[in-house]
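What follows is a set of notes on a single structure, which appears directly below.
It should be emphasised that the depicted structure is a prediction, and the values quoted were computed from it without experimental measurement.
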Amino acid sequence: TPISIRDAYPSISNITINQNHTWTNGISIGSFAHSGTLYDTGYPYMGDLSIDYGCNIVVEKGVVLKLSIVRAHDGANFHFEGTEAEPVILTTWTDDEMGGDTNCDGPSIGSDGSLSYDIVGFDITFDHVLLRYGYTFHLMSDHFYYSQNTLNVTDSVFELCDDDWGALFVGQLDSDNVSVNISNTVFRNNVAGFHSYFTQVPGSFLSGCSFINNNQSGALFEGGISGFTVMNSDFSGNGKAVQVGATSTVNLGSTVSGGG
């Protein structure tokens, strides 16, 4: 790779990376043990991103991350801060539709790989993020994993994730100090959209979300869920709109609409 970054946050601008079939067209990143910010350089960041305990990482608007693994260890704070015009994009390095032909194998549509998420942190924020082809090895497969304190997702899109555990998986939470708030977010063209398992988090909600063409379900709650409210949300083209397990309790707002 022409440029490689490890545990550093340099300012990079006015660069040109010429295509070379021996190289890849992007900036390689790896493990970070210190806090910092990743800025848009005009080229995608590539590799395996690992954030150590206690680090505070901010990913700025317009950044394209084409990775195989995103791993934030317990105690890390991870903030993806896109905008409507310039979202943060997380996808695989073979996804030519985002960030161009990074692996120099010629133009293609789709992805022959998956992006692995293993995020266990104190404070996780997704603001205007487009996440495609998600996959994780930590619990099951093809989902984002979160297990401590605060998860805020707003104005984001989760798409093309191909496992029945969901494009966004929230599991094993049981604390009054934990909050999961997901608003104005789209789950589309996944095997399953949102999935929560064994989660008891009073005051957590899905609000103003859209669940479109998810093969199995738009939202699934199982394993003794309590504390979740689903409101002001639309469902269309899903195998099932909302599935609630026998031992789970979910509050459905009066404006939840769509039968599938």
| field | Evaluation steps, side-chain contact (heavy atoms from CB on, under 4.5 Å), between T37 and E60 | value | CA-CA 7 Å; T37 300; E60 284 281 2; 3.4 Å; yes
(Q) Tell me whether R132 is salt-bridged to D95, with the criterion being a basic N under 4.0 Å from an acidic carboxylate O. (A) yes
Is there a side-chain contact between V180 and V153, using heavy atoms and a 4.5 Å cut-off? no
Separation between SG (C161) and CZ (F169), nearest 0.5 Å, reads 14.0 Å
Without hydrogens or angle criteria, can the side chains of E81 and H128 be said to hold a donor-acceptor pair below 3.5 Å? no
>> Would the distance check show the side chain of T125 and the main-chain N or O of H79 forming a donor-acceptor pair, the cut-off being under 3.5 Å?
In response: no
Under 3.5 Å, side chain of S50 to main-chain N/O of S31, donor-acceptor pair present? no
* **Worked check of side-chain contact (heavy atoms from CB on, under 4.5 Å) between F205 and F228** => CA-CA 5 Å; F205 61 82; F228 255 105; 5.6 Å; no
F221 vs F194 aromatic rings, parallel, tilted or perpendicular, using cut-offs 30° and 60°? tilted
Looking only at heavy atoms, the pair that brings E86 and K61 closest together is O-CB, 3.4 Å
Between V59 and Y39, is any pair of side-chain heavy atoms under 4.5 Å apart? no
side-chain contact (heavy atoms from CB on, under 4.5 Å) assessment of V64 paired with K66 | CA-CA 6 Å; V64 177; K66 302 184 72 171; 3.7 Å; yes
One should read off an interatomic distance between L220 CG and S196 OG, to the nearest 0.5 angstrom, of 8.5 Å
**Trace of the side-chain contact (heavy atoms from CB on, under 4.5 Å) decision for F80 with I57** = CA-CA 8 Å; F80 300 93; I57 305 300; over 6 Å; no
* Are I182 and C209 side-chain neighbours, meaning at least one heavy-atom pair lies under 4.5 Å? -> yes
Note: N232 and S207 closest approach over all heavy atoms is ND2-OG, 4.0 Å
Only residue of L131, T154, T185 satisfying side chain to side chain contact (heavy atoms under 4.5 Å, CB included) with F126 is L131
_Please check this pair: side chain of N238 against backbone of K240, looking for a donor-acceptor N/O pair closer than 3.5 Å._
no
Q) Hey, are the side chains of V250 and V230 touching, using non-hydrogen atoms and a 4.5 Å cut-off? A) yes
